[in-house]
Amino acid sequence: MSEYKPENIEPKWQKFWLENKTFRTDDNNRDRPKYYVLDMFPYPSSAGLHVGHPEGYTATDILARYKRMKGFNVLHPIGWDAFGLPAEQYAIKTGTHPCETTNQNIDGFRRQLQALGFSYDWDREVNTTDPDYFRWTQWIFLKLYEQGLAYEANVPVNWCPELGTVLANEEVIDGKSEVGGFPVERKPMRQWMLKITAYAERLLEDLEELDWPESIKEMQRNWIGKSVGANVVFPLKSGSAKARESIEVFTTRPDTLFGATYMVLAPEHPLVDRITTDEQQSAVSAYRETAEKKTDLDRTDLNKDKTGVFTGAFAVNPVNNEEIPVWIADYVMMSYGTGAIMAVPGHDERDWEFARKYGLPIIEVVKGGDVTKEAYVDSEEGICVNSANDEVTINDLPVPDAKRVITEWLERKKLGKYAVTYKLRDWLFSRQRYWGEPFPVIHVDGKPKPLPEDHLPVTLPDMDDFEPTKTGEPPLAKATEWVNTTDPETGRPAVRETNTMPQWAGSCWYYLRYISPDYELGPVDPEMEKYWMPVDLYVGGAEHAVLHLLYARFWHKVLYDIGAVSTKEPFQRLVNQGMILGELEFTAFQDADGKYVSADRNGTGEGFDSVRLEEKDVEKRGDRFVIRGTDTVVDARSFKMSKSRGNVINPDDVVAQYGADALRLYEMFMGPLEQVKPWSMQGVEGVYRFLKRVWRLIMDEGSGSVNEAVARSVNSDGSASVEPDSIQLKILHETIKKVTEDIEGHRFNTAISALMIFTNEAMKWQVRPVEVLKPFLLILSPFAPHLAEELWEKLGELTRAMVQESGNPVDDSIEKPRRPNRTLAYEPWPAYEEEFLKDDSKTYAVQVNGKVRGQIEVPADRASDKDFVLDIARNDTSVNRHLQKGQVVKEIFVPNRVINFVVK
RNA sequence: GCCGCCGUGGUGGAAUUGGUAGACACGUUGGACUUAAAAUCCAAUGGAGCUUAAAACUCCGUGCCGGUUCGAGUCCGGCCGGCGGUACCA
């Protein structure tokens, strides 16, 4: 072996790390500072890794390796979120048990991850489908149940006939299933729910203390959707047959109460039956029927045209005793607020539209707009008008004050009260699937009863038919022997719960299991938990912004409340890696005759045939690309990687061709971690060339041993034969400083750039001192660990061989690298020293009227001497010429940077 | 519609947070080595002008328009474009 051959050195070190358990985390070392760095839980799909996975994993691996060298006790684990639909669907198709598929996929993922050289502690691997793991998932469910946070409800759910399961709201996108894109309908079913709404306020408040991207926090805030306002009770018109009923509404605008001219109930509202008059009965029933059939898609997106019918009933506006009609309309949702609204068409766009359509009155109660033309909704600037009764007036008050005054009055009169509402709903927690955690629940006499803790885990029955039933009964219902059981406490007949938990369950607490994966007395060893929590850095994709991160926070808070964990929040710092897109593509469009037509502004060439062009066939014209030599605009962009587009990059292929170090390096060199970036094979080639240069920096390609330029820096007794010169030390220490600071700031791309600059310089040296190369290898090692280990070993062998030959005594300073097969993973991280960074001279840019006209060098010790520096600046020929143009009226002097002469 | 993020060479991206725009890398062009190719190395590379050529010099240039400042990629106001999230939430 003489050239850089990653296929030789990478498996060697991967084997070494694994066999020596190099990265096993030591729990008994708790006096040292800890660093818990976590990757988002992967689902081991049959497709294997895509290049998006190693992006975040490389970032965390660099930090893990760096922190170890900095003396931290590092926890860097990995495991498998292995329950889930794909394995089950595969089982239905092929009859292969999901367990088998899952284990195969896990083996594949593990192999791929190990081939990338990640420094995980493989002794802490967890697997959500392992009974020793889900035993504790079930245990947590029991705790939720004990806390009154888990309950059964008959709720309309998103039933997907194709998948044979219900889906959470979050799994339904535009009325279709997120997985597979199948139609979803609403159907009432018995379901387990988790009362996440009980934690809404805390989930919102505690976001403040988290070091997360603002965008993610904002998304969670929106999802929780806190609104402050008032609940107001509108009695029904007295004297009518339907009297004694009242309608409670939630409003964020109690200041507009005097403008309420009608009311609307959601079609499903239970009051509808009781208040509808006989004359209106048929119209109301018909409307309710159509509304019921509408999918979520119909009720929201495209259908902005509001519909509704009058119930025949009237309610009384409590602030002015006006009788106002009560309608039903599907623009009011049963699931939000009270399922009923007071309509203020003057100051709400939806109500305005509805009132216009059905000829309902519109009254202005907030000054500032023209309510005959559109609703005036400004709630900051507006001033209330037409809003007074015998007891209270909010006229002339700005909206915020008016809200307060009228709410106080309502409370005094017991007509309403201050209220807070959240968009967040309880979490639908059951699925009609086989491949999930069974609930630790039995039903006795039709009532749910939790199993005692010592009956955990409840394992899945062995089955070979995983097909869901047409009725929505889960596949587990077919396992009659399993289903029919006895109550362990009373011995009475009982049936098991046949729903299973959703995939989110296992990923809600996995970060705790890593801490003590073999602990048998609870989900996590409390002593270890206190040491390791919270997670210091959590890296993953933004697609989990709301769901996983909100659910995990919810469970964590429950565990905190029962004393199982010591922190209020699980993930202190969160970073989202940006998506990696496919290679840049140029697309031209042809009409039916094969003639090229320009892509329009947004690049869509609808109705035309698209032709993929090579980069050499296009050129830049203005701010777009055209077919070379023509005016035909082509579409130039990168697309999300997808099988159908055929632009998916397989990490295995990249590793086979360029090695894991090159893949790692490229993923980091592409750009900032958080940013969306297009893939480029030529870019991989570029970092591969860099690694080859590093190899040649130390190795001789002909002989396959350390090259002359390096060997010459070592004497036969192993001591240094030459002192590194000041230029060498300067660039080394500059590089150490830059790389250290950039790793700390997660700026891996510029850290790599600094390593490249060092290498380019060092390649020019005739003698390359080992004392300079060794620190360089150490700071390279988090990025390209295999190459760094290999070269570290080679340098060790070099000095060892020389010492042995000479028979000289061992020099302590070179003790460490003398032993072959010794890892550099725990070598101390090199420190930079300021004294080597000093310059002999400083460069100033000299500007005249803000334009750079010259550069001057001044001795470093006089660089802050303003008069001295300005004098040199004035005498610079180029600067001087520009100074001649007028009088200097001002001189700006920024030490060590810039001088600006203002001339008139 | 609303919320959030982002617009810098042919490309990915740098720029110590107001101080020499384009680091590093890709690509391209020219050259060296080679019988040849690969690999490697060297040089040039934002645009325009001036010049026989080079050096030197001048002007323009960080999506667009304006502002603050001795000085703006960076700060402020207004637009345009892209990406992500969300949507009858009362």
Side-chain angles (χ1 to χ4, degrees), chain A residues 3 213-219 221-223 225 227 229 249-253 256 264 299-301 303-304 306 329-333 335-344 348-351 353-354 421-425 542-543 545-546 578-579 584 601-603 615-616 618-620 623 625 636-638 666 669-672 674-687 689-690 692-693 696 701 738 741 747 749-757 760 763 843-855 878 881 889-892 894 896-903:
Chain A
E3 288 166 47
E214 198 46 46
S215 62
I216 302 286
K217 291 205 219 177
E218 198 55 31
M219 280 161 75
R221 286 189 198 109
N222 291 340
W223 193 264
S227 295
V249 300
F250 172 73
T251 176
T252 56
R253 296 293 303 275
T256 62
V264 186
R299 272 182 79 155
T300 57
D301 245 25
N303 190 0
K304 293 285 179 191
K306 291 177 182 38
D330 64 7
Y331 80 89
V332 172
M333 307 284 142
S335 51
Y336 183 79
T338 63
I341 62 156
M342 64 172 201
V344 185
D348 180 284
E349 281 167 15
R350 296 153 300 178
D351 297 344
E353 214 181 295
F354 192 82
T421 298
Y422 301 90
K423 267 201 289 194
L424 185 71
R425 322 223 181 122
E543 66 272 21
V546 180
M579 208 190 338
L584 181 64
R601 207 67 185 99
N602 44 20
E615 199 184 336
K616 62 174 166 49
V618 298
E619 61 182 319
K620 187 98 176 208
D623 60 348
F625 282 90
R637 54 196 284 202
S638 298
Y666 176 64
F669 189 60
M670 291 170 89
E674 300 86 348
Q675 203 165 299
V676 177
K677 317 163 270 273
W679 186 266
S680 156
M681 260 325 174
Q682 281 172 334
V684 182
E685 195 102 36
V687 294
R689 264 177 241 168
F690 162 66
K692 286 201 287 189
R693 251 187 345 266
R696 292 198 310 273
E701 291 198 312
K738 176 80 175 146
E741 289 171 354
R747 293 180 298 269
N749 55 332
T750 50
I752 292 166
S753 157
L755 292 167
M756 287 172 167
I757 292 169
N760 292 345
M763 284 297 274
T843 307
Y844 275 88
V846 186
Q847 303 178 332
V848 179
N849 287 342
K851 283 188 176 159
V852 179
R853 298 300 184 182
Q855 264 184 36
S878 169
R881 193 171 58 242
V889 295
K890 199 169 179 183
E891 295 166 339
I892 311 285
V894 183
N896 297 326
R897 281 181 212 273
V898 79
I899 293 156
N900 190 8
F901 295 108
V902 185
V903 170

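In what follows, every chain begins at residue 1, and chains take the letters A, B, ... in the order their sequences are listed.
- For Asn222(A), whose side chain is taken as the heavy atoms from C-beta onward, the closest listed nucleotide among C70(B), C3(B), C89(B) is C3(B).
- The phosphate of G13(B) has neither OP1 nor OP2 within less than 4.0 Å of any side-chain N or O from Thr750(A).
- Remark: the separation of the P atoms in G63(B) and C41(B) is 35 Å, to the nearest Å.
- Here the separation of G13(B) from C6(B), taken at their P atoms, is 14 Å to the nearest Å.
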Item to complete: Walk me through it: do Thr256(A) and Met342(A) pass the test side-chain contact (heavy atoms from CB on, under 4.5 Å)?
Response: CA-CA 10 Å; Thr256(A) 62; Met342(A) 64 172 201; 3.7 Å; yes
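- Only the C1' atoms considered, G27(B) is 36 Å distant from C75(B), to the nearest whole Å.
- U16(B) sits 13 Å from G73(B) when the P atoms are compared, rounded to a whole Å.
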Fill in: Pair assignment for RNA chain B - dot-bracket with | for other-strand partners, Watson-Crick or G-U under 3.5 Å
(((((((..(((......[....)))((((((.......))))))((((.......))))..(((((..]....))))))))))))....
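- For the P atoms, the distance linking G84(B) with U29(B) amounts to 35 Å, nearest Å.
- G4(B) sits 30 Å from G61(B) when the C1' atoms are compared, rounded to a whole Å.
- Using P as the reference atom, C83(B) and G12(B) are 15 Å apart when rounded to the nearest Å.
- Side chain Arg897(A) to base U16(B): a donor-acceptor pair is found below 3.5 Å.
- The same atom, P, is picked in C88(B) and in C2(B); the two are 16 Å apart, to the nearest Å.
- With respect to Arg221(A) and Glu214(A), a salt bridge is recorded, a charged nitrogen being found less than 4.0 Å from a carboxylate O.
- Side-chain atoms of Tyr666(A) come within 3.5 Å of backbone N or O of Ser680(A) as a donor-acceptor pair.
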